[in-house]
2 protein chains.
Amino acid sequence: MPSSSQLDLTFAALADPTRRAILARLAQGDATVNELVEPFDMSQPAISKHLKVLEAAGLVSRGRDAQRRPVHIEALPLADAVGWLETYRKFWETSYQRLDGLLAELQSFTPKSDQKN
Amino acid sequence: MPSSSQLDLTFAALADPTRRAILARLAQGDATVNELVEPFDMSQPAISKHLKVLEAAGLVSRGRDAQRRPVHIEALPLADAVGWLETYRKFWETSYQRLDGLLAELQSFTPKSDQKN
DNA sequence: TATTTCTATAACTGAATAGTTATGCACTGG
DNA sequence: CCAGTGCATAACTATTCAGTTATAGAAATA
């Protein structure tokens, strides 16, 4: 089971759009730092910092290929994040169902012309 | 589809263990602010601030019951967060499978005594 | 060996975050 | 109406964060 502070790191890492974009790119395969810098209007050190955050969260690992440090996505903490969310999903869904039931009940007393999205 | 900045807010909100605990509590049903303060070794304004963050992220909504402001969990942004993660899950899984396949291939050329975890 | 390529680190800045205490405001109930 | 309850807001502090430029180091290449 993931520790609370592990989830802190994972969700904090995911809170930045640049880092999510990096992960989205890495989902298609490993990449070097320069390859990750290229699509962004941002300096190389900025990307290196983001990679450090992702690595500290265990979301990526680094390899070695000559001068290059290829970046590899690590699935486990992402799966843990999904796991945390899924733990509570059933409760949200039951509240949704309660809401759905209530709405259905209300609509049965409402003229069709008042029904909205 | 959720906007990028919406995901920013959602994941940032989830990055704090106090806020995750609040959501876990709310998954079981609505609660007043004081009820949410009680389990934490933290001032009431601190909890109110956390609730403001959760509300800004759309993760909770507030009602009104006399002086009380009951807090209600909102499932949609959480579902969106799961959605983002799930979008890439299949790629992680396929990279896992690729890795598994590669390892299997390598092991077929490797003496048993060299096989490691 | 000198140069170039790839990446990391240092030092700095401005903005955001999480907490505190003190206080104010709205609504209830006696 | 006024005392108390429930909550929010203000003002402040310490810390963290995301970005910058400048520089250093490590490995390949010419």
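Per chain, numbering begins at 1; letters A, B, ... match sequence-line order.
Summarising the geometry, the separation between CG on A/D8 and C1' on D/dT16 is reported as 14 Å, rounded to the nearest angstrom.
Each of A/L9 and B/L85 belongs to its own hydrophobic cluster when Ile, Leu, Val, Met, Phe, Trp and Tyr are linked at side-chain heavy-atom distances under 4.5 angstrom.
Taking a 4.0 Å limit (strictly below) on heavy-atom distances, residues 62-71 of chain A reaches DNA chain D at A/A66, A/Q67. If you check residues 29-38 of chain B against DNA chain D, the residues with a heavy atom closer than 4.0 Å are B/T32, B/V33, B/N34, listed by number.
Below 30°, between 30° and 60°, or above 60°: for A/F11 and B/F11 the angle between ring planes is below 30°, a parallel geometry.
Rounding to the nearest 0.5 Å gives a distance of 6.5 Å between CD1 of B/I22 and NE2 of B/H50. Distance check, rounded to the nearest 0.5 Å: CG of B/L7 to CZ of A/R20 gives 4.5 Å.
Residue pairs that meet the salt bridge (charged side-chain N to carboxylate O under 4.0 Å, His left out) test with at least one member in residues 42-71 of chain A, sequence neighbours left out, are A/D65-A/R68.
Considering every non-hydrogen atom in both B/L59 and B/P77, the closest pair reads CD2-CB, 3.9 Å. Nearest heavy atoms, B/L78 versus B/L23: CD2-CD1, 4.5 Å. Closest of all the heavy-atom pairs between B/E35 and B/A31 is OE1-CA, 3.2 Å. Nearest heavy-atom pair across A/L36 and A/L26 is CD2-CD2, 4.2 Å.
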What verdict does the side chain to side chain contact (heavy atoms under 4.5 Å, CB included) test give for B/W84 and A/L14, after you've listed the backbone C-alpha separation in whole Å, the side-chain angles of each residue and the deciding distance to 0.1 Å? CA-CA 10 Å; B/W84 188 89; A/L14 292 173; 3.9 Å; yes
Reading nucleotides 14-21 of chain C from the 5' end, what letters show protein touch, with B for base, S for backbone sugar-phosphate only, - for no heavy atom under 4.0 Å? ----BBBB
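Each end of the helix from C/dT1-D/dA30 to C/dG30-D/dC1 gets its own axis, taken as the rotation carrying the C1' atoms of four end pairs onto the next four within a five-pair window, and the two axes meet at 10° to the nearest 10 degrees.
Take B/V37 and apply the side chain to side chain contact (heavy atoms under 4.5 Å, CB included) test, not counting sequence neighbours, and it matches B/V33, B/Q44, B/I47.
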